[in-house]
Structures are given as C-alpha cells and as structure tokens.
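The structure presented is a predicted model; accordingly, all values stated were derived computationally and were not measured. Chain letters run A, B, ... following the sequence lines, proteins first, then strands; residues in each count from 1.
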Amino acid sequence: MNFDNYELDPSIYDEMFTRDGAPREHCRKIYEALSEFSAEELGSIQERVTRSFSSEGITFTVYGDEEADERIIPIDCLPRVMGGADWRQLEAGLTQRLKALNLFLEDVYGQARIIEDGVIPVDVVRGCPQYRVEMRGFSAPHGTWVAICGTDLVRTNDGFRVLEDNLRVPSGVSYMLANRKAAKTSMRVLYRSSKVQEVEHYGRVLLETLRELAPRGRSDPSIALLTPGVYNSAFYEHMFLAGEIGAELVEGRDLIVNDGFVYMRTTTGLRRVDVVYRRVDDDFVDPLVFRPDSLLGVPGLLHAYKLGNVALVNAPGTGVADDKSVYAYVPDMIRYYLSQEPILSNVETRLCRRPEDLEYTLDNLQDLVVKRVGESGGYGMLIGPHSTQEERNEYAEQVRADPADFISQPVLALSRSPCLIEGGFEPRHVDLRPFVLHGRTTRIVPGAFCRVALRRGSLVVNSSQGGGGKDFWVLED
Amino acid sequence: MLSRSAQGLYWMGRYLERAEHLCRMLRLQTEALVDRPVREIYLGWSRIYGAMNRQPPMGSIELDGDEYTLADSYTLADDLTFERSHPNSVWSCFALGRENARQMRHCISAGMWTRLNLAYLRIQKLEIQDIWRTSPESFYAETSVEIDTFAGVAESTMYRDEGWSFMQIGRLIERAQLSISLLLAQTSTEENTDSDWISLLRIRHALEAYNRRYSVEVKPSQVLNLLVTDPLLPGSLCRSFDVAAAELASIAPGPDSRSSGAAHRLAGRLCALVHYEWPDRQDREDLLWQMSRHCRDLHDLLTAAYFDYPIEDSPVL
C-alpha cells in the first residue's frame, strides 16, 4: 500500500514526512515497510490488534454512558516514531520541569518565597481550588510531592509544547504498555529491525520509585494501590499496575488507620501498609480532612501521612501546580528555582482573570481554545474555529460571569501521524503523554501513551471524547 | 491476601460452578425436547425449578398438550438462561463470575482471565432466539466446556496461594450444595424412572464412572452411593468435602479464631457424615438435609472468619 494519496499540510508538522513529502530520516525504515504491506495484511494486523484488546479486556469507562460500561479504546496499529535525539531533548525538559514543580509545591505550602518575591500573584495560588490549606507547613519526604507525572506534549512546526502537567493521578500508562505489546506482536519483523527502545520495564521502575519513598527503615515495604473501584474509568489500569508491581489492589474500605498507621484487612488479620499509590482524587482520599461524604477514601490517611508512617503517592495538594492558571507560570518557576531557561516551552496562555487577557479572549473567541481552569479530560472547553456563533456567545457569557475560571490559548496545529483509516493511510492529529517518575531520582521510560484524534480534522484526543491511541516508538541512535 | 480479594475469588468459584451446573441440567432438558414424551419434559422442568427453589415466570408449569409444553419450554429456557434480572440464570452467574474475575484479575493467571473473558464476550451478545432455532443443547454444551476449560487453565497455571484455596472452596461448597438439592429432588419423588437416574448421573458427570464401577443396569441405591461416597468421582459429595476440608486446612487460621475454628470443625464433620454416617443411615433424606444446612453454615463461618471479621480485636501482623 502506498502513501500517494496521503495529504500533507505545510502548516502542520507531520511525524513521518518532511514538508516536501520525503520520509524523515528516522522514519525511512518504517515508511518502506508500511509501503510493502498489502492492504489486506494491514487490515488483518489492525483487526488482530483490536481483537487482542477486546479479549484481554483492556477497557475504560465513559462517564454518563450506562450502555457501554466497559469500552475498548480504539487503537491504530501504525506506530508513531521518534528519533533518539528528539527524545533526549524531551527527557531533559521533562526532568527539569518536574524538578521545578516539586520545588514549587514544597515552597508554596511552606514559606511561599515565590509569592513573596512577586513571581506568582498570591491570588492565583490561593484562589486555586486545588490549593489545600490542610497541607500548609508540610514538607514532603525527599521533597517529592509529585512522584508520578504524565505530561501532555504536542508538537508543532515550532517544536514541542507542554500542554498540561498532570500531577494528581495521571492515567494512561497501561495503554503505553498494551499498545506496545500489540504493536510488537503484529509487526514482528519491522519491530526487530527498527531497534526500538524498550518500555516493558515500567513496572519495575515504578516499583523502585515507590520503594524509595517508603518510610525510613522499611527495607521491604508493603505497597497498596488505592483505587476508587471498578466503576472508575481507569479501573483496568489500576488492576494492571497492581499486578505489574506486585501490590495489593485496595479500595478505601479495605484500609483502616489505627494509631497513625495504615493497615489493610487480610485473611490473616490486619497488615501494615507502608506505601499507598493512590488513584483516588484529593477530594475523596480522606473524609476526615477533605470531603466528609466520601466513601472512597480512608479516614485518618492524611494524618498517618503527615506523621511519616506511610507514603502517599502523589501527595495531596499537588493539583495546585497543574492548575490551568498556575501552568502559565511554570517557565517562570524554572527560572526562579533552577536559574535555568526552560527546555520545553509552554503554550502561550492568557488568564482571563487579567482584564487585558479577558478582553483579548472575548475579542478573538473564534481563533482560540478556551478552557475552564477546574476541568480536565476535554470537558467544558470551547474550540473557537470549530464552534458556531451561538456557542461562542453562550460561552462568552460564562466567561464574563467568572473570568478567573477561564484561560485561553491559540489553537495549536497539533502534529499529525499516519493512521490506517478505512483501508488507507490518512493523517490524524496526535499528542504525547510520557510518564515521569521521581522518588529520590528521576526516571523516565522511553515511551509514552500517544493519543490520536481519530475523527477526521478533530483536535480532541481525549479517550472520553472519541480519541484513540497508538504505539509510540523511540528508536536507538 | 486481602480479604476482599479472597472473597472475590471464592464467589468467582461459586458462580462459575453454578453456571456450569445449570448448563448441564439445561443441556439434558433441551435434548429431551427432541424425542422424550411430554410428561417427562414436564417433570424435567419441574425438577429443575424445584432444585433451584424458584418459581417459573408463568407461575406454575402445566402439563398440557404437546405444543403448549414445547412453547413453554422456550420461555422456561429463556428464564433460566438469559434472564438478566434472575440472579441464578446462566447469564447472570457467568457475568457475576466474570465480574469477580475482572476485579481480581491480578490474583489469577492471565490465561484464566482471557479464557473467561472471551467466553463472556461470546455469551453476552446472545439471546434465546439465537440459540433456540438451531441447537440449544450445543450452546449449553459449549458453555460447560468453556467453564471446564477455564478450570483446566486454572489447574495448570494458577499459583497455589490462598486465592487458589478460596476459589476451590467456593467451587466445592457450591458443587456440594447443588448436588444435595438434586439428590433431594430425586429422593423425594416416588416415580423415578431409569432415565431419571441416568439423567442424574449425567448431570453430575458420573454416567461413565457408574457404568465402569457397577454396570449399565441402573440401581438407585448404587447411584446414590456413587454420587455421595465415591472418593474417585470428581463430583461426589465425598470428594467435594474432602478436598474442601484439605484446602481449608492449608489456609492459615483466620483473624476471628472462633469462627475459623468452627469452620474447620464443620468441614471435618461434613467429611465424617459422608464417610461414616451415610453407609449405615436409613433416613438418608434427613442426612442430606443436615448436610445442606452444614454447607450454608460453613459459608457463613468462612465469611465471618476471613472476609468480614470485626477489626477491633483482630491481630496486627
């Protein structure tokens, strides 16, 4: 099958082809291999990949969708490929960014020097709903507030941009591993000859990270993964990761806190837990401190954490650092704490809380993406060029009513990567979520969950909004 | 092992055993629809509903003309197979078994999960009309085989930790209880024919064993002895109780030591009843009732000892 009808748009970066239509240097091999496959072969590869997802039950849940409570994330069988040099740049940038974000959290819940020094306005931080007063004065062990981070990156003609730092309970890593497994078995020869860097050791790296954070003196810590339960959209991932790291998969009702220690209910009695990798949001993690109506959490968990008797990963309160308003200040944080220039750039962001930004946003709605500060997962946003005048008017009213709740960004020309669509190669927009782990040192597995906006022309890659995924290959040099 | 995981595996074992048992009964019953007299078909349905202690959807089963009984059979099979709201239909048992497996996937082997999930994906889409017109008995046969295959994959791949033991205990208690209900349904009826006894043997996977051990001639007392006391028959009460007691003995005592001790003693008592009471007892129906009660109590004791114990005075490890 050939790429003759593959459409290139000079304003959009294509992951496989240069502007003049030649395959990029590191993509030559895969380009040739894909060209040699027949349409039938590719069709059967695609079918096998989809089938393996369904038989293994690799599913997620879409909220408000009672019919299909277990959905399969659509997977495109063509991998996205990146050269080793590009990856090293990303790696350096991600490490730098997470380091600054952890320093920010330690500072903002401590002396708040960054506010005092006028780098970030106080109301941006304190006004953020994810700022947890309960954490004030707390210093996280080893300064690690965020141990697991899933940064969303996009590529444009001007290079990489960080779209979002997901610092609370980022998900998607199981898809990175599942996509790899599927791609590997369906494109055996190509995979072997391409010299792709491995990602399969993610579980081991995660385990090392969690162990580094165990309270002092626990050489063989007992680790539990706290899930909100089977109805959570990422339950498959929770179960999968628990298996990968050999942790117990627990729900709030399996844990109790007694005398400041955390225990789980086992068939032989109460067993102490040293590290809780929690996939429950801050709001629900401890009803004594946060939402009292939460049944998902564990009363007293935060107290045990503050006493240093248990490690909580990630720490409560990290949401203040990935807030959409605070995001705008991350480059300044890097300069402030590390005295370095940011390696990875932000997307130019306007905060509607600032009158001049509000005015600009309202005047240019048709060209901007406007997001609610408190929302995630692609909910509650307006994509200007894809909206009607009526939608924009309605949205503008909401923005005017509570400007501080909104930010705006230019519509990015997200890069595109070839996908197999109805038996032919077609470009689709993609983003990238690599996972950065930090216990006492930073570790990044050379891979990512690559999300694809499978609908033609769509820029929305979120799985909850009709996005899919594909494998992402980082090649050895 | 986490109590909730152990409980999930225990229930997975129970539900899948229940689904398989029901498939075997329904397979025989749908086979009977092909060539057996209407009266036998009628008795067959009554027996199944009786053993499940459940009311048929139309209230009661009437022995009427040919066509009525066959038309009723469709409704009855649908009720027992695909009725989502019926917690003991094949569909519900299978779905619940699979749901427990889904939540405890990290405690079972990958092969077990894939097997079960594939079977579930197949069944999930079906409705009674999909299986009825061609060959309903093959649907039941295939589903039985799928559960047997699952058990085989478990046997050869699952780590023999507590999870294995709880899964086995769940299966075996369920198997014994279902067996006892069948035996009670059979012994309480006066008018059993040879073919009823043969059906009973087939439901318990015991016809070949019976023919080998005794003969092709069917004697009710021998059928009962085989199904209750034969230690070589996988589905016999004797074997179910012996293996369940052995699995229970291999698990460390539960945090609620009173219930835990009582559970161990009760499992032993069940073994003693089939080994030492059964051969000399005349009132076997009474004995079966007693065993049935003990099975229920054993379930409660296990729950109290391992899954749902009070945490106030439980040991800290």
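- Taking both residues in full, the closest heavy atoms of M239(A) and H106(B) are given as SD-N, 3.8 Å, listed atom of the first, atom of the second, then distance.
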Can I get a per-line list of side-chain donor-acceptor pairs under 3.5 Å for residues 306-313 of chain A, giving both atom names and the distance, sequence neighbours left out?
unit_1	atom_1	unit_2	atom_2	d
K306(A)	NZ	E134(A)	O	2.4
N309(A)	ND2	G260(A)	O	2.8

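- Atom CZ of R84(B) has more than 12 neighbouring heavy atoms from other residues, nucleotides or ligands inside a 6.0 Å radius.
- For Q7(B), no part sits under 4.5 Å from any heavy atom of chain A, backbone or side chain.
- The shortest distance between side-chain heavy atoms of R265(A) and Y309(B) falls below 4.5 Å.
- The local environment of CZ in R269(B) is sparse, with at most 12 non-hydrogen atoms from other residues, nucleotides or ligands closer than 6.0 Å.
- When side chains are defined from C-beta on, R102(B) does not count as touching Y236(A), because their heavy atoms never get closer than 4.5 Å.
- For S3(B) (side chain) and T266(A) (main-chain N/O), a donor-acceptor pair under 3.5 Å exists by modelled atom type.
- When every heavy atom of T267(A) is checked against every heavy atom of P255(B), the shortest pair comes out as O-CD, 3.0 Å.
- Proximity of S54(A) to L121(B): side-chain heavy atoms (C-beta onward) are separated by under 4.5 Å at one or more points.
- Annotation for D293(A): atom CG counts as buried by contact number, over 12 foreign heavy atoms lying within 6.0 Å.
- At a 4.5 Å heavy-atom cutoff, R122(B) makes no contact with chain A through either its backbone or its side chain.
- If you measure heavy-atom distances from S260(B) to chain A, you find no contacts under 4.5 Å at all.
- A 6.0 Å sphere centred on CZ of R160(B) holds more than 12 heavy atoms belonging to other residues, nucleotides or ligands.
- With rounding to the nearest 0.5 angstrom, the CG atom of L249(A) is 8.0 Å from the SG atom of C107(B).
- Using a 4.5 Å cut-off between heavy atoms, E251(A) contacts chain B through both its backbone and its side chain.
- How far OG of S55(A) is from OH of Y120(B): 14.5 Å, rounded to the nearest 0.5 Å.
- Ranking E248(A), E56(A), R271(A), R253(A) against chain B, the residue ahead of the rest is E56(A), based on heavy-atom pairs under 4.5 Å.
- For E162(B), the part sitting under 4.5 Å from any heavy atom of chain A is the side chain, from C-beta outward, and nothing else.
- Of the two parts of F261(A), neither the backbone nor the side chain holds a non-hydrogen atom closer than 4.5 Å to a non-hydrogen atom of chain B.
- By the 6.0 Å contact criterion, CZ on R258(B) is open, its count of non-hydrogen atoms from other residues, nucleotides or ligands being 12 or less.
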